[in-house]
Engineer: 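This is the structure I have questions about; it appears just below.
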Amino acid sequence: MYLLMLRQNKTKTSKKKLLIVGGAVAAALLLGGGIFWLANRNDSTISDGNDDPTATTLDNQGETISLDPPSESDKQETEQHKQDLGNQAQNPPVGSNAVTPVITSASVNGVYAYVPGIFEEGGTCTANFSSGNQKFSRASQGFQNVQNTGCAPINLSRSDFPSAGTWNVTVTYTSPKATGTSQNQAFEVK
Amino acid sequence: MKRLCFSTILTSLVIAIAFATISVVLPSRANALSGSDFNAGRIMDDGIFFNGNTLGYDTIQQFLNSKVPVCDTNGTQPRGGTTRGAYGASVGNPPPYICLKDYTQNTPAKAADAYCPGGLGGGMKSSASIIYEVARACNINPKVLLVLLQKEQSLITDDWPWPIQYRSATGYGCPDTAPCDAEYYGFFNQVYNAARQFQRYRVQANLFNYRVGVSSYVQYNPNAGCGGTNVYMQTQATAALYNYTPYQPNGPALSNLYGTGDGCSAYGNRNFWRMYNDWFGSTYAESYRWSTSGYSIYNEDKSYTVDPGRLEPGKKYFARISAVNTGAAIWTNTGYNPVMLGAGGDSRFCTAGWFACNRPALLQQASVSPGQTGTFEFPFYAPYTPGEYRESFKPVAEMLSWFNDDVNASFGIRVESPGSFSWNTTGYTIQNVAKSQYMDPGNLEPGQHYVAQISGVNTGTATWKNNGPIPVMLGLARGDSGFCVPVKWHACNRPAKLTQASVAPGQTGTFEFEFVAPRAPGTYYDHFSPVAEMFSWFNTDPDSLFGIRVASPGTFSWSTNGYRIMNQARNQDMDPGRLQRNTVYAVTLTVTNTGTATWKNNGLLPVTLAAPSNTSALCTENWYARCNRLVLLKEASVAPGQTGTFEFEFRTPIALGPYRQDFKPVAEMFSWFNDHPNQTFGIWTY
């Protein structure tokens, strides 16, 4: 009888513990879910596209391609671009007669430059070299390059320079539609 | 203590499960892109940029569909207190709006040139088709073109695009601060010229500002006052991107990779790099990667291409596969790690000319840089059994690494059945070897050579040919033929190949061959039948039995009155009993044909005078053959009852004394003549 009571007490205690543990697991799941919700409640508006894609396919070489719908940043950039286009429609760009060529490299071997803000053939790029009182210039044709006007390379050699030292160069662009001069660029001639 | 312990365990359990839950449901950020990953001198590797084979048409369409789940065709979505349609109309762009995934356009044809060697056909095409075809024609990664369309006009994700966005889709001919050039308007024009220009930057690299291996100044913004830095161009692709859009992102633009920077920021190349990473993965290539558009199959002398789905059984072909280097390493065909085309195991197509049965070919070019195209070429024979055959080959840098798989790398062919081979013979004829006289097959001479001609109608569906991998020959299915003339036949079970080069179904073909009649009189048969070599025997036609009868030439017998011996000059008769030692004398033997066969001194049964003992001590160098055949019959033909002669010389022995030997005629290869009392030749020397 005593043993039976002991067993009944033990059984009641076990059931109680089981209930407590079960409740604790449920609470833990709710807690974790709650933390996740709090941490990500704004995700629908701040997705930056960095997440690993969830919808994918493979290319011809087995590389993964994302087939996810556009991210929020994609949508925002698309809308911003649409806004820019709307603004341009109301205030179309007219271009400018004043341009500023950009020298991308200058050395004893020559000068590379382009002219932003204009897209045309037939203009002239003139590189003006100076060092003290010594000056000379070389010209090349401008040509269309996608979103600007490229200057055909002006190739030089050491013999083109009368002396060693620091030389300066600017590039001037002239055409019926535009004209302008670049910033000065210095380089060493040995 | 017990309660405390339980509480502690319970608390720990709750925390553990909570963290486990969080870690399971939170997405991984391990691959998050950061502005610090941007390398201004290496935006993209050449192997990725110059690879037109990455996407199929369907995949491009699938990609476009995914980025615009629903197109707002009528502009009904709200925008700024009104609708998109109303706003668009207010700025000159009323609905309906056609999204890129649905866009179609009539396109002009473009001839192949140095930049887009593929050329393009014209016609009505979808946007996906335009991107796919331009990418392949100009060998620019279609992923690059997709990102370019997004970077310039947001066309990939725009669900209500305006016509102006298609008109200048890639920004080609659109300077930063001026209107776009109308000459380059239009979606196709924009995509084609952009891709072509990317190749132009590579082909005419020295013409442009940014060149691989050179450090050049790149501004942060069109406003020169914003500054810039010199950037060393590590790849041609990077140089091309700067030549297209000559700005690099500044610090603020990179710090806020998915937003805006400051007034000196420009976003073109940053967005290109970011979008490519997000949609397609890294812009950096692994060392050894490739892509291909598949195989071309050529005829044996490589003078024209053939349809891989219609190969002839047993025929030799060449396969050629172009391989774009989409990796970062330079391929070479020499040194420690030559690049070869390889197979996982031995190939069934293996043949002479392969390096091994799992190495069909070595890279043809000495060197192939990233973005360039190399080729592999190997011979193979189409199997004789019709059907489809498929194997996968891919390059391997020997002793180093296998390349990636490619969906187009599967080598597949289909061998067509040549049709059925059957015939219905129309019989055979026999002529003499000179083909000047038809002979009676039932009365041929023993050992004589003849020419047989067997004809038959092509009753099958295959065209018979006398060359190529399946030549049609006359054959003998079992064993060698007794009619064989080895120097004339292809083999003693293959008398002849088809006379005609080609015999179509319903036409008649012939087989012609020389044969020798057996020497023994009798009747002989062979059952010849055509065979399509290496493929199948023809049907057995009962009428194709080739039969001849060899008639007996008759009996060979003789009589003679004996030998007449003269001096060598044949102007003085000599006494056989008083001949000098070691001296040459002349002999005439007159003989009479007492048999039924006509003697001849030519042909297959020439009649000669012979020594039955097989040798003779009287032999001179003038004897007909060795020392057992003295001389041929003098007359060309001696009919029964006629007289013939044998004339020969002999040399007396050195030893003194009598000498006797029998000589008698023989029908060569047929029979000896009868013995005759006067056949004994006797002399005495002193």
Engineer: Testing the 3.5 Å rule here: is there a donor-acceptor pair between the side chains of A:Thr172 and A:Thr181?
Structural biologist: yes

Engineer: Of all of B:Asn53, B:Asn65, B:Asp176, which one pairs up most often with chain A through heavy atoms under 4.5 Å apart?
Structural biologist: B:Asn53

Engineer: So which bits of residues 218-226 of chain B come within less than 4.5 Å of chain A, counting non-hydrogen atoms only?
Structural biologist: B:Gln219, B:Ala224

Engineer: Answer yes or no: is there a side-chain heavy-atom contact under 4.5 Å between B:Lys67 and B:Trp279?
Structural biologist: yes

Engineer: I want to check a possible cation-pi pair here: A:Lys82 against B:Trp160, using under 6.0 Å from ring centre and within 45° of the ring axis as the test.
Structural biologist: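 Output yes; distance and angle both within limits.
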
Engineer: Answer yes if the side chains of B:Asn51 and B:Ser291 hold a donor-acceptor pair under 3.5 Å, and no otherwise.
Structural biologist: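 Yes, because at least one side-chain N or O of B:Asn51 sits under 3.5 Å from a partner of the opposite role on B:Ser291.
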
Engineer: Do the side-chain N and O atoms of A:Thr149 and A:Glu120 include a donor-acceptor pair separated by under 3.5 angstrom?
Structural biologist: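 The criterion, which ignores hydrogens and geometry beyond distance, is not satisfied for A:Glu120 and A:Thr149.
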
Engineer: If you count heavy-atom pairs under 4.5 Å with chain B, which of A:Ala113, A:Cys151, A:Ala106, A:Gly62 comes out on top?
Structural biologist: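 Heavy-atom pairs under 4.5 Å are most numerous for A:Ala113.
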
Engineer: Check whether B:Asn404 gets within reach of chain A through its side chain, its backbone, both or neither, counting any heavy atom under 4.5 Å.
Structural biologist: side chain

Engineer: Under a 4.5 Å heavy-atom cut-off, does chain A meet the side chain of B:Pro246, its backbone, both or neither?
Structural biologist: both

Engineer: Highest number of heavy-atom pairs under 4.5 Å with chain B: which of A:Pro70, A:Ser105, A:Ala89, A:Ala152?
Structural biologist: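 Going by pairs under 4.5 Å, I would pick A:Pro70.
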
Engineer: Just checking, any donor-acceptor pair under 3.5 angstrom between side chains of A:Asn168 and A:Asn184?
Structural biologist: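 Short answer, yes.
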
Engineer: What part of B:Arg196 gets closer than 4.5 Å to chain A, counting heavy atoms only: side chain, backbone, both or neither?
Structural biologist: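 No part of it gets close to chain A.
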
Engineer: Would you mind checking which part of B:Tyr201 comes under 4.5 Å of any heavy atom in chain A, side chain (CB onward), backbone (N, CA, C, O), both or neither?
Structural biologist: side chain

Engineer: Is it the side chain or the backbone of A:Gln61 that comes within 4.5 Å of chain B heavy atoms, both, or neither?
Structural biologist: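 For A:Gln61, heavy atoms of backbone and side chain both lie under 4.5 Å from chain B.
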
Engineer: So, for B:Tyr184 and A:Phe119, is the gap between ring centers shorter than 6.0 Å?
Structural biologist: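 Close enough - the centres of the two rings lie under 6.0 Å apart.
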
Engineer: Is it the backbone or the side chain of B:Gln62 that comes under 4.5 Å from a heavy atom of chain A, or both, or neither?
Structural biologist: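 Contact with chain A: backbone and side chain both.
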
Engineer: Among A:Thr57, A:Asn148, A:Asn145, which has the most heavy-atom pairs under 4.5 Å with chain B?
Structural biologist: A:Asn145

Engineer: May I ask you to check whether B:Phe280 and B:Phe63 place their ring centers less than 6.0 Å from one another?
Structural biologist: yes

Engineer: Where does A:Gln90 contact chain B at under 4.5 Å (heavy atoms): side chain, backbone, both or neither?
Structural biologist: side chain

Engineer: Looking at B:Gly259, B:Gly171, B:Ala194, which makes the most heavy-atom pairs under 4.5 Å with chain A?
Structural biologist: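 Greatest number of close heavy-atom pairs with chain A: B:Gly171.
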
Engineer: Measure the shortest side-chain to side-chain distance between A:Asp59 and B:Thr59 over non-hydrogen atoms and say whether it is less than 4.5 angstrom.
Structural biologist: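 Heavy-atom side-chain distance check fails, nothing below 4.5 Å.
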
Engineer: What part of B:Glu152 is in contact with chain A, defined as an atom under 4.5 angstrom from a non-hydrogen atom: side chain, backbone, both or neither?
Structural biologist: both

Engineer: Heavy-atom pairs under 4.5 Å with chain A are the metric here; pick the option from B:Met275, B:Gln197, B:Arg200 that has the most.
Structural biologist: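 Sorted descending by pairs with chain A, the first entry is B:Gln197.
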
Engineer: Between B:Asn271 and B:Tyr276, is any side-chain donor less than 3.5 angstrom from a side-chain acceptor?
Structural biologist: no

Engineer: Given a strict heavy-atom distance threshold of 4.5 Å, which part of A:Pro116 is in contact with chain B: side chain, backbone, both, or neither?
Structural biologist: side chain

Engineer: Under a 4.5 Å cut-off applied to non-hydrogen side-chain atoms, are A:Pro153 and B:Leu207 in contact?
Structural biologist: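 Sidechains of B:Leu207 and A:Pro153: in contact.
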
Engineer: Using distance alone, with no hydrogens and no angle criterion, decide if A:Thr78 and B:Thr157 have a side-chain donor and acceptor under 3.5 Å apart.
Structural biologist: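 Checked: A:Thr78/B:Thr157 side chains pair up, N/O donor to acceptor below 3.5 Å.
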
Engineer: Write out all pairs satisfying ring pair (Phe, Tyr, Trp, His ring centres under 6.0 Å) with one or both partners inside residues 132-156 of chain A, taking only residues at least two apart or from two chains.
Structural biologist: A:Phe129-A:Phe136, A:Phe136-A:Phe161, A:Phe136-A:Trp167, A:Phe143-B:Phe208

Engineer: Counting only non-hydrogen atoms closer than 4.5 Å, does A:Ile118 touch chain B with its backbone (N, CA, C, O), its side chain (CB onward), both, or neither?
Structural biologist: backbone

Engineer: As an exercise: rank A:Gln88, A:Gln80, A:Gln144 by heavy-atom pairs under 4.5 Å with chain B and give me the winner.
Structural biologist: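 Heavy-atom pairs under 4.5 Å are most numerous for A:Gln144.
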
Engineer: Among B:Ser216, B:Cys180, B:Gly173, which has the most heavy-atom pairs under 4.5 Å with chain A?
Structural biologist: B:Gly173

Engineer: Checking B:Thr260 against chain A: side chain, backbone, both or neither under 4.5 Å from a heavy atom?
Structural biologist: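 No part of B:Thr260 comes within 4.5 Å of chain A.
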
Engineer: Do other residues, nucleotides or ligands put more than 12 heavy atoms under 6.0 Å from A:Glu79 CD?
Structural biologist: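 Yes, because the 6.0 Å sphere around CD of A:Glu79 holds more than 12 heavy atoms from other groups.
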
Engineer: Is the terminal nitrogen or CZ of B:Arg211 (NZ for Lys, CZ for Arg) located under 6.0 angstrom from the six-membered ring centre of A:Tyr112 and within 45° of that ring's axis?
Structural biologist: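 Flagged: B:Arg211 positioned over aromatic ring of A:Tyr112.
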
